[in-house]
Amino acid sequence: MSFSSRCFRRGPVKAPGPRPVPDRQCLQGILYVLHTGIGWEDLPQELGFGSGMTCWRRIKRWADAGVFDDLHRILLAQLNAANEIDWSRAVIDGSHIDAKKGVPEQVRRRSTALNRVPSTT
């Protein structure tokens, strides 16, 4: 088999197991779980979103691949270009900023425990 016939076969190779749930349906299932607050395992199969475990695995795969970070950047850029963001109300949260590396040592903190202070009078 030549290189081109191995890399450019016609049609997908049939994978074993059930047919994968399309991304759009998985996303709808994820949004349903997040909106309703139900557990992943309680996602009703009748809605056609796939199982809760399928949706959970898909959101984990997307998060690990950085899809949501990219989506957030794109959305902010588009909203900024359309002048739809009031940057005067923006807040930088420490959870989104890398900590400084190479800090020589931790600063010793003062104790907040109750200590008896000797009387000065």
Side-chain angles (χ1 to χ4, degrees):
M1 190 181 274
S2 70
F3 174 77
S4 62
S5 64
R6 278 186 286 132
C7 295
F8 303 106
R9 284 185 216 170
R10 293 188 171 246
V13 176
K14 179 146 174 52
R19 185 162 232 197
V21 177
D23 287 342
R24 180 179 287 273
Q25 285 175 270
C26 257
L27 179 60
Q28 289 174 329
I30 291 165
L31 294 175
Y32 183 86
V33 167
L34 296 176
H35 178 72
T36 61
I38 64 172
W40 292 106
E41 66 279 0
D42 297 327
L43 182 65
Q45 289 282 321
E46 304 82 44
L47 296 177
F49 302 140
S51 72
M53 212 62 235
T54 297
C55 292
W56 179 83
R57 279 192 298 268
R58 193 76 54 94
I59 194 173
K60 178 160 179 15
R61 187 178 344 146
W62 290 340
D64 291 346
V67 170
F68 295 106
D69 292 335
D70 292 344
L71 182 61
H72 187 232
R73 268 192 232 76
I74 291 167
L75 182 60
L76 282 177
Q78 289 180 353
L79 289 172
N80 188 44
N83 202 24
E84 292 290 327
I85 297 178
D86 180 6
W87 289 107
S88 68
R89 298 182 56 136
V91 176
I92 296 178
D93 184 345
S95 65
H96 297 288
I97 298 174
D98 290 336
K100 290 184 179 183
K101 294 180 174 71
V103 176
E105 63 184 76
Q106 290 286 335
V107 176
R108 186 169 178 187
R109 307 243 188 273
R110 290 180 52 181
S111 173
T112 58
L114 293 175
N115 289 331
R116 301 208 83 177
V117 178
S119 174
T120 58
T121 59

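Positions are given from 1 along the sequence.
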Asker: Dump the intermediate steps for salt bridge (charged side-chain N to carboxylate O under 4.0 Å, His left out) on Asp70 and Arg73, then the final yes or no.
Answerer: CA-CA 5 Å; Asp70 292 344; Arg73 268 192 232 76; 3.0 Å; yes

Asker: What side-chain donor-acceptor pairs closer than 3.5 Å can you find for residues 41-56, not counting sequence neighbours?
Answerer:
unit_1 : atom_1 : unit_2 : atom_2 : d
Ser51  : OG     : Met53  : N      : 3.4
Ser51  : OG     : Thr54  : N      : 3.0
Ser51  : OG     : Thr54  : OG1    : 2.9

Asker: How about Asp86: does its CG atom have over 12 heavy atoms from other parts shown lying under 6.0 Å from it?
Answerer: yes

Asker: What's in the same ILVMFWY side-chain cluster as Leu76, cut-off under 4.5 Å, chained through other members?
Answerer: Leu75, Leu79, Ile85, Trp87

Asker: For residues Val67 and Val21: do they belong to one hydrophobic cluster (side chain heavy atoms under 4.5 Å, members Ile, Leu, Val, Met, Phe, Trp, Tyr)?
Answerer: no

Asker: Rounded to the nearest 0.5 Å, what separates atom CG in Leu27 from atom CH2 in Trp62?
Answerer: 5.0 Å

Asker: With sequence neighbours excluded, give me every side chain to side chain donor-acceptor pair (under 3.5 Å) pair touching residues 22-31.
Answerer: Asp23-Arg58

